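Report on the following structure.
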There are 2 protein chains.
Amino acid sequence: MATLKDVARLAGVSVKTVSNVVNGYEFVKPDNRRRVEEALATTGYRPNIGARNLRRGRTGSLALVLPELSIPYFGEMAGLVLEAAQEHEWNVLIEQTLGTRERERATLAALGPHMIDAAIVSPEALHSRDFDELDPGIPVVMLGEHSVDVPIDHVGIDNVRAARVATQHLIDLGRRRIAAIGAHPYRGTATQRLEGYRSALTAAGLPVRHDLIVQALNYHRRDGAEAMAHLLSLPEPPDAVFCFNDLLAIGALRAAAEHGTRVPQQVAVVGFDNNEESAYSMPSLTTIAPDKAAIAHSAVDLIRRRIKGGQELDPEDVQTPFSLEIRESTR
Amino acid sequence: MATLKDVARLAGVSVKTVSNVVNGYEFVKPDNRRRVEEALATTGYRPNIGARNLRRGRTGSLALVLPELSIPYFGEMAGLVLEAAQEHEWNVLIEQTLGTRERERATLAALGPHMIDAAIVSPEALHSRDFDELDPGIPVVMLGEHSVDVPIDHVGIDNVRAARVATQHLIDLGRRRIAAIGAHPYRGTATQRLEGYRSALTAAGLPVRHDLIVQALNYHRRDGAEAMAHLLSLPEPPDAVFCFNDLLAIGALRAAAEHGTRVPQQVAVVGFDNNEESAYSMPSLTTIAPDKAAIAHSAVDLIRRRIKGGQELDPEDVQTPFSLEIRESTR
DNA sequence: CATCGTTGGTACAACGTTGTAAAGACCCAG
DNA sequence: CTGGGTCTTTACAACGTTGTACCAACGATG
């Protein structure tokens, strides 16, 4: 592998002059520039990014820390973050935590400031305040989950409002026994979505019935199916279900079908995330559609801002838009 | 950020001694070792991976090059590759090519040998022989696509055989007008799956009807839906369809439903990939299920082998197992 | 007590790059 | 032809790490 030294020798100039050509420095004699460029071409020189970064004190990489790539929401988000990061010539290193708090902490501790310039973290179990003790030494942007009391930049939609919109949609359909699937003891987004659900019911003068609120410790299709099966076996089953993500909703659709319950006639279903598959499920799924590209771009922008601005910048909380995508499951 | 120098000063020893402690070198006086370890702890020293790699001549990172993370198959594969790579303490840098040949080439050229130790490439448009001119200078393992005539390690399932199994399954159901969705002018896997489809038909004494073979330039749900709509509009529509991936099949299921055609009674459908969503579609999808974890592990193993063994090693072609997952769409 | 091998420690150079500072070449005005 | 400025190039050091070579101390051996 050719280095600057090799090119310099071949072109008959100093290493620095080659470096200057490579970096587009203005004042190089045309004659030398030509010779250097020839030498670059014949050697097939490629800069050693590691050495360059060592010298420059940056790495050119971001870390994206998320629970699992096989979960459609995170797969889609990761793809968009990759694109957004590439616009600023960042490489992206992806780490999976599998949703365990221990691995979320370990990952952040391990990455440290040497491998990456910053991290975009989509925490599952980790609380913002864990970062306090951690101090990863690099800018961090949190996606989704959010704790106000910690000075960390954050991007996400207004979960409370989105959940209210979803629930209100079911109320507008005339449904009165509206269940919720996805309550969770300590997951922040779950708490917020539950709050939105509750507030919509209350505002409409409907009771909040605890037997219609089903916990889900995981947010996979299977959990949604189990929860729905449970709801349908109740003496008075619900006439609508708000699922805290699309996977739960997809599972719920299947459970309903297996139970012989028709969607949306007997039970209307709303999801959350607008996974690509939700437009093709049978029936297709009404869902809260966050603007994922906006989330990805905002996250990268926050990182750029923080890298430029430094620690003393006030932490920002960017709320990205969302919409309600109405499909067959509530039509 | 503390460096070896800082720790050395604090512990009152040389930089190298600290380095020795950090790297577990045996012969360090217990007394010094203790002092160094204390200093390490109080400074919170973390080795600068970049500098270490520069010195050692390796990077500790792999690249995973694939079309799009939002495509479930690649999302799932990426997750498994991440896990497999982590077992050997590799970081993984993911690059999306969006399926364009130009970006596949550009990515490989850009990554070069400095950022990464090796690359795992899942090409969409790129041919193995493109690598010849390219010579990325690092070990490369190809997933899926495969050209025998180029000395590059490869992992994947036997597409021809798998397609034959899928088609044979439909034949065994008594279907006689079996269509195929997903033919493609130059995509290698498409060619192989088409060949398997053909050979199964021929072996069963069934005609290969060209009007029942539908091209798909992309492999998304929408393309499957369009292809299926076309097939169902034929004067003599098929009684079974073999789709070259699950997304096409999911789209086909929806098109069938919208056309009022019942699956599997009127049209049986088989997919390929066993995406997680395919177990929850309505009806659930019969599909070829490659052992994705085996693919991921084999890919990482091939890389380790190649890094140890060097260029003169004969290229290996690992065929991973697959199975036919029979579900509602053919029951 | 001289010698040797083992153990423990250090200085230096090197990985490939770029910033700094300084020196050399060139040109033009005086 | 001198002085000053503008261009152009270079040597050197440094980023943080580790391999090599070497030195020093030590106990054991003859």
Side-chain angles (χ1 to χ4, degrees), chain A residues 1-37 39-40 43-61 89 91 110-117 137-138, chain B residues 1-37 39-40 43-61 89 91 110-117 137-138:
Chain A
M1 205 55 204
T3 71
L4 283 184
K5 201 151 91 179
D6 303 323
V7 180
R9 189 162 35 220
L10 185 59
V13 296
S14 79
V15 170
K16 192 64 215 289
T17 298
V18 180
S19 169
N20 285 339
V21 171
V22 170
N23 291 287
Y25 181 64
E26 189 180 359
F27 300 117
V28 177
K29 276 221 195 107
D31 184 47
N32 277 342
R33 182 182 299 276
R34 194 185 43 74
R35 289 224 311 289
V36 169
E37 272 162 358
L40 285 172
T43 55
Y45 170 80
R46 319 243 69 225
N48 183 324
I49 313 289
R52 175 180 288 175
N53 291 339
L54 174 59
R55 184 60 239 242
R56 293 200 189 159
R58 62 186 298 270
T59 72
S61 295
E89 302 190 319
N91 286 111
L111 285 175
H114 297 308
M115 292 287 297
I116 53 174
D117 295 334
I138 45 166
Chain B
M1 207 53 205
T3 71
L4 284 183
K5 202 151 90 179
D6 303 323
V7 179
R9 188 162 36 223
L10 186 60
V13 296
S14 79
V15 171
K16 190 65 213 289
T17 297
V18 180
S19 169
N20 285 338
V21 171
V22 170
N23 291 287
Y25 181 64
E26 189 179 358
F27 300 118
V28 178
K29 273 217 198 117
D31 184 46
N32 277 343
R33 181 181 299 274
R34 194 184 43 73
R35 290 225 310 289
V36 168
E37 274 163 356
L40 285 172
T43 56
Y45 170 80
R46 320 242 69 226
N48 182 324
I49 313 289
R52 175 181 287 176
N53 291 338
L54 174 58
R55 184 59 239 239
R56 292 198 187 160
R58 61 186 299 270
T59 72
S61 295
E89 303 191 318
N91 286 112
L111 285 175
H114 297 307
M115 291 287 298
I116 53 174
D117 295 334
I138 45 166

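Chain letters run A, B, ... following the sequence lines, proteins first and then strands; every chain starts at 1. Given the structure is predicted, the values throughout are model-derived calculations rather than measurements.
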Determine the contact category for A/Lys29: base if any of its heavy atoms lies under 4.0 Å from a base atom, sugar-phosphate if only primed atoms, P, OP1 or OP2 are that close, otherwise nothing. sugar-phosphate
Nearest-angstrom distance from the residue atom [atom1] of [X] to [atom2] of [N]:
X	N	atom1	atom2	result
A/Arg46	C/dG16	CZ	C1'	15 Å
B/Phe27	C/dT6	CZ	C1'	8 Å
A/Leu4	D/dT10	CG	P	13 Å
A/Leu54	C/dG19	CG	P	13 Å
B/Arg56	D/dG16	CZ	C1'	12 Å
B/Ile49	D/dT17	CD1	P	9 Å
A/Arg35	D/dT8	CZ	C1'	13 Å
B/Lys16	D/dA21	NZ	C1'	11 Å

Given [N], is OP1 or OP2 found less than 4.0 Å from the side-chain N or O atoms of [X]?
X	N	value
B/Ser19	D/dT17	no
B/Thr3	D/dG16	no
A/Arg52	C/dT18	yes
A/Asn53	C/dT17	no
A/Asn20	D/dT8	no
A/Thr17	D/dT8	no
A/Arg55	D/dA14	no

CZ-CG distance between A/Arg52 and A/Leu54, expressed to the nearest 0.5 angstrom: 12.5 Å
Starting at CG of B/Asn91, measure out to CD1 of A/Ile116 and round the result to the nearest 0.5 Å. 9.0 Å
Short question: side chain of A/Asn23, backbone of A/Asn20 - any donor-acceptor pair under 3.5 Å? no
Donor-acceptor pair, A/Thr17 side chain versus A/Val13 backbone, under 3.5 Å? no
Which nucleotide in the set [options] lies at the smallest distance from any side-chain heavy atom of [X]?
X	options	result
B/Ala51	C/dA11, D/dC7, D/dG16	D/dG16
B/Asn48	C/dT18, D/dG16, D/dT10	D/dG16
A/Asn23	C/dT18, C/dG16, D/dT17	C/dT18
B/Ser14	D/dT17, D/dT8, C/dA11	C/dA11
A/Tyr25	D/dT18, D/dT8, D/dT10	D/dT8

Quick one: the side chain of A/Lys5 and the base of C/dG16, do they pair up donor-acceptor inside 3.5 Å? no
Could you tell me if B/Asp117 and B/Thr59 have a donor-acceptor pair between their side chains, going purely by distance under 3.5 Å? yes
Quick check: on DNA chain C, is the nucleotide nearest A/Tyr45 upstream (toward 5') of the one nearest B/Gly12, or the reverse? Name the residue that is more 5'. B/Gly12
How close do B/Val7 and B/Ala39 get, counting heavy atoms only, and between which atoms? CG1-CB, 3.7 Å
